[in-house]
Each structure stands twice: as C-alpha cells, then as structure tokens.
Amino acid sequence: MRRVLEYTSQINSVVIQHCEDMSLSDKGVMNEGYISTVMGVKGIPEISETAVIARDILLTEFVRNSRYHIQHISCGKSVELLRSAKSMNLNVTGEVCPHHFILTDKDCLEYDTDAKMNPPLRTEDDIEKILTGLKDDTIEVICTDHAPHTEYEKNQGFYDSPFGIVGLETAIGLTYTYLVKTGVISFEQMIQKMSVNPRRILNLQQVNIREGERAVFTILDLNAKWKVDRSKFKSKSNNTPFDGYEVQCKPYCVINKDQIYFSKL
Amino acid sequence: MNFPDHLIGLRYLTKQDLDNIFKLTEFYKQKIVSRKPLERILSTKSVINLFFEDSTRTRTSFELAEKKLGMDSVNFSATGSSLSKGESLLDTIKNIEAMKFDYIVVRHSVPGIANYMTQHTTSRIINAGDGTNEHPTQGLLDIYTLKENFGSLKNLNVCIVGNISHSRVALSNIFGLKKLEANVSVCGPFSFIPKNIEGLGVNVYTDINEAIKKNDVMNILRVQLERNAGSLLPSVNEFNKYYGVTKDRLKLNPKIKILHPGPMNINVEIDYHTSVSDNSLIFEQVTNGVAVKCALFHLMNDKKIS
Ligand SMILES: NC(=O)OP(=O)(O)O
C-alpha cells in the first residue's frame, strides 16, 4: 500500500480501497455479533474493516500528497477514523451504500442470501454513527457497490452464495426516503454526495447545465412514490433485499450521449 | 397447539412442543428398552436421510426409528453420490424433491441448510445438523436424558464445555434448556466462545474447576478438529490440561452428571475413565436418541398429541 500511495501521489490519482483484512474476516459471511451467534454463522468482525482503515490513514499521512478513498463504509468506528483523518487535514474521503444506512444484520436472519454482502450489514449502532457522518459531511459520497449475481448463484445456501446486491435502481429512492425525507441531510447534500463529490474525487469533469454543454444528467421526480419491484429492474440481475420497499423520489429519465432513457421502475 | 411442519431448530419450538415430544419419548423409550415392537404408524410414509456430512449416531438412530415406525427409509450420503461429478447442491435437492419423499432428514456443513430445504422442496424437513447452527434432535435427546435423571429442568445448572463456537449442539442445547428454565453456562477458552453469547442468557466460565463445582451437569463438546478448531488453540494437549473433564476433576463434584454428544476425542475434552464412569450418561443419550426420533415422527405425523 505504501508503494501504491507513493506512485499515485505523483500523478494526482486516488487510491480507492476495499478495506478488509482477510485474515481477520477468516471466511466469515456476515457481521460478527449477537445475530451471527444466534444463527450459528461465522462472522466478519468490525476490526477486519477498521484495522485496514487505521493503517491506511497512517500511510496516507506518511506518504506526502497521497489521496485515499475508503469504499463502502459499514462500521460506525470507521466513520470516527475518517473524521479524525480529516481533522488531521489528510486527503482521505469515504463513501457509504444505502444498505449500510438502512439495513442491519437482523436482515440476515433466516439465512436470506439477498442480505449477504461484503462488507456485511452491521448493527443499529453502526447506522447511527454513519448517519451522523453523512449529516456532518464526514462521509462525502453515497454509492451503490452494485454487485449483480444470478438467481442460481444466489441460491447456493448462505455460505456458498456470493456476496453482493444490485443497487443502481434503488439508490435514488432509498437515499431520498431514508436521508432527505427524514431530515438527516438536505437535498443539496444528496446531490453533492451522489454527483459532485464523486466527480471531484475521481478528477472527472463536473456536470454543467447550460447552453453549449453536452447533456449528461438524471432527472428526478421528487414527489413520485413508488414500490421497489425487482422484476422491473433493467439490470440483468435483481438480487436486492429491498424488493417491496415503499420509497419516494424516482429517476424519471437519464440523458447521456444525446440519448434519453426513461425509467420503467 | 400444532407441532410445526418442519424441525429446523429448537430456537423455533415452544415449551409446549418440547413437553409434547418428551411425553411421547417416555412412551417409546419403554418400548425400546423392553424390545417390544412398535405400532407401524407411518407405514404409508417415505423418508430420505440426506447426509452430506458423516455420522454414526444420528443417521443410524434416524434409520432405526423410521424402520420401527414402518416408514420406507432411504439413505443418501455425499460420498458415492453424483456430487463427485460436480452436481450442485440445488440440483441435487431438486432431484430429491422430484422423488416426492414425505420427510427429508438433512445434515450438511452449511448453517441454514434446513431453512433452505424448506424453500426448495415440498417435503417435511428435519434438521440433523446444519454446520455450526443447530442439531435439534441432539438437543432434544440431551434434554430428555437430563429430564429422565433429574425430573425437572427448572433451575438445573447445566454447563456446556469446550468448542462452543463450532458447535450446533451448544446452540440447540442453549435454546432448548432456556425454554425449560434451566441455568445454562458455557466454559472454554475465549477463542472458543462466540461473540455476544451472554445475549442468549448464558454465563461464561473460564475456570473448568469452578464450573464443575457449581454445576449439576457438564455437557462436554468435541473439539471439532474437522472444523479447524485446532487453529484456535496452542495445542490439544494444552486444552486437555486446562479444560479436559478428567477422572481427577470429577472428584471436585462426585455427583455431577456427564453428557457428550459424540464422537469423543479421548484425552482431549474428556478421558476414558469419565466417559464410562457412573457419572456418565453418554450411552443413555444414544438410547434416548432413538426414542426421541420415534416421538418426533409420531408428533410430526399426528400434529397433535392424543
Ligand atoms: N452426536 C452426533 O451427531 O453424532 P454423529 O455425528 O455420529 O451423528
């Protein structure tokens, strides 16, 4: 990691890390805690994520001008580490997925493989700290960790089924419903975290809506109330734990490369 | 109240379900020990013992109970099956489903596989051990054995010793014993104790001598070397030294009763002397295992106890 940070610091690039110590995860398949104990399932401890983040923050401090981005934060403790890195003025950023601020390891009960993802769903305590981090902009990015798998793959039992869920179709509705409507963040913060900040971190051009620019944006219908229906997803896979969720705010259409794509959600 | 369609775990049973099973177990136990034939009340039913993991006691006692009750009983074991040709678990199960068994008794290394079977078949499912989750018939026979010996489980002090984190037997015992108001504890090195186990209402002992002195029963679990338990210990000899239930340690509480689900690692978690001592109920457990399974099929078939 030291060498990667050194190399990328020179070309103003960012290192984006899936923070996991595999020896601490040790073939675990869900959050290690009370629920995994009740289910008799091997757990992934919080320290598997936080130990890597803590080390990498120190490395980012050690390597001048390096930039580091924490993928899909699942633990409350990770938010605290990110906050402390920012207070040290380090170039460290982080992201979170909707499932990590909405669902908990209780959703794995009855061995539902649609609730099996890595990093795993954690606890209500973690959600609380993640929400605080979203509110105070410690967490600057909301992402999906979109991980499509076929029904057949996801039907191999709780150990052998792969980790992951799809998130593209549900990200907007879930974020608006669970963060904006509840007053955790403003709608402007939502746009920052889902469009502006990711582009800044990745050195991509920002979207400008004005004459002469090529149109690349999504139009949202803020008032549309809809029910998540996995059979309507455009993705080839529809492995989601959010089927049937009632949400508000719907992508109305996407404009990209001179084409308009209307949502069929 | 009706008995559930499937036996997935003792987590899902009520105290009433347990009492109903134990009443019938007593009836079958008497018949079995006096070698009386049983009424073939399930002679129109078929069952497959679907064992993806090895077994001596569980598979044999299931088959015996099934045959005593007149069922068409078929055995499947992973070795010798088309799994070796790369057939998947799901396809294997779909084929079993196509044969329309009334009951499927399943053992597999993955937790949750019994739930999974209920989603992919129309048979009644009995969990014979799903990885590190539950082993409900073991829990039932352990608890029945204690009931037979002590009369009531209420306030009985039962300590489960050893490799808790790899043990389906531990979880089934904890769920069942708590429902019958026993005081349950576990004892072992922290590397063997799963996180938040106290949340299940059990105490944790780290000193085996203290645990022996303070309990009426030690239910000793095997150190599951096949699930890589060895990597959680400096050595099995060290485990024996600090946590083994041995002849010398029995002297700390001469009235203590000993359970072990088998298979035993002699001189790891238990010594030979203890296993055959007057304190030991280990072989009584095996007899009760047959009676419990007869009672279970009877109840699942009848739904209500008459
Ligand atoms: N107690 C027990 O389950 O033994 P087997 O593995 O031999 O069935």
Side-chain angles (χ1 to χ4, degrees), chain A residues 22-50 75 77 104-117 120-126 149-163 239 241 243, chain B residues 6 8-12 52 87-94 106 108-120 127 129-136 139 164-175 178 186 191 193-202 204 224 227-228 231-232:
Chain A
M22 300 302 279
S23 66
L24 286 168
S25 293
D26 192 20
K27 302 205 184 94
V29 292
M30 66 179 286
N31 180 49
E32 181 182 287
Y34 173 69
I35 301 293
S36 67
T37 294
V38 168
M39 291 171 64
V41 165
K42 199 159 164 54
I44 302 174
E46 171 192 89
I47 190 77
S48 155
E49 176 171 305
T50 52
C75 307
K77 180 97 184 156
T104 65
D105 54 358
K106 290 199 186 95
D107 290 278
C108 297
L109 277 167
E110 312 322 321
Y111 308 90
D112 183 355
T113 56
D114 281 331
K116 180 183 172 184
M117 61 276 280
L121 299 174
R122 303 283 183 183
T123 67
E124 268 138 36
D125 219 38
D126 293 291
H149 293 290
T150 64
E151 189 185 325
Y152 187 77
E153 285 175 298
K154 276 289 199 182
N155 253 322
Q156 299 181 88
F158 205 70
Y159 275 23
D160 294 325
S161 295
F163 290 107
N239 47 308
D243 194 40
Chain B
H6 311 284
I8 305 302
L10 297 196
R11 171 149 73 97
Y12 305 96
F52 295 94
E87 189 166 25
S88 72
L89 175 66
L90 184 59
D91 288 336
T92 304
I93 289 170
K94 284 185 178 300
V106 64
H108 195 281
S109 60
V110 172
I113 220 72
N115 296 57
Y116 176 84
M117 296 291 297
T118 64
Q119 289 154 15
H120 295 286
N127 182 2
D130 59 333
T132 49
N133 178 33
E134 280 216 50
H135 189 349
I164 315 295
S165 57
H166 285 104
S167 178
R168 51 198 178 206
V169 178
L171 272 185
S172 285
N173 265 269
I174 291 168
F175 291 133
K178 294 298 292 181
V186 297
S191 55
I193 310 280
K195 216 171 168 190
N196 302 100
I197 186 97
E198 297 89 349
L200 300 178
V202 307
V204 178
Q224 301 209 11
R227 295 190 211 281
N228 210 16
S231 69
L232 303 174

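Numbered from 1 within each chain, the chains take letters A, B, ... in sequence-line order.
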Part of residues 22-33 of chain A lying next to chain B, heavy-atom separation under 4.5 Å:
A/E32, A/G33

Assert top hit (heavy-atom pairs under 4.5 Å, partner chain A, pool B/G9, B/P111, B/G112) equals B/P111

Scored by heavy-atom pairs under 4.5 Å with chain A, the best of B/L89, B/T132, B/I174 is B/T132

Please state whether the side chain, the backbone, both or neither of B/H120 comes within less than 4.5 Å of a heavy atom of chain A.
side chain

For the residue pair A/T123 / A/D126, report whether a side-chain donor-acceptor contact shorter than 3.5 Å exists.
yes

Atom CD1 in A/I35, atom CG in A/L109: separation rounded to 0.5 Å?
4.5 Å

Find the one option among B/N115, B/I197, B/I8, B/I164 whose heavy-atom pairs under 4.5 Å with chain A are most numerous.
B/N115

Looking at A/K77 and A/E49, does any basic side-chain N land under 4.0 Å from a carboxylate oxygen?
no

Side chain, backbone, both or neither of B/L171 within contact of chain A (heavy atoms, under 4.5 Å):
side chain

Checking side-chain contact (heavy atoms from CB on, under 4.5 Å) for the pair A/K42/A/Y159: CA distance, chi angles, key distance, verdict?
CA-CA 9 Å; A/K42 199 159 164 54; A/Y159 275 23; 3.7 Å; yes

Please identify, among A/V38, A/T113, A/D160, A/V41, the residue contributing the most non-hydrogen atom pairs under 4.5 Å to chain B.
A/V38

Could you go through A/Y34 and A/D105, starting from their C-alpha distance and side-chain angles, then the distance that decides it, and tell me whether this counts as side-chain contact (heavy atoms from CB on, under 4.5 Å)?
CA-CA 9 Å; A/Y34 173 69; A/D105 54 358; over 6 Å; no

Any donor-acceptor N/O pair, B/S165 side chain to B/P194 backbone, under 3.5 Å
no

Heavy-atom pairs under 4.5 Å with chain A - which of B/I113, B/L200, B/I93 has more of them than the others?
B/L200

Do the side-chain N and O atoms of B/D130 and B/Y116 include a donor-acceptor pair separated by under 3.5 angstrom?
no

To the nearest 0.5 Å, atom CG of B/N173 lies from atom CD of B/E134 at 10.0 Å

Look up atom CG in B/L90 and atom CD in A/E151, then write down how far apart they are to the nearest 0.5 Å.
9.0 Å

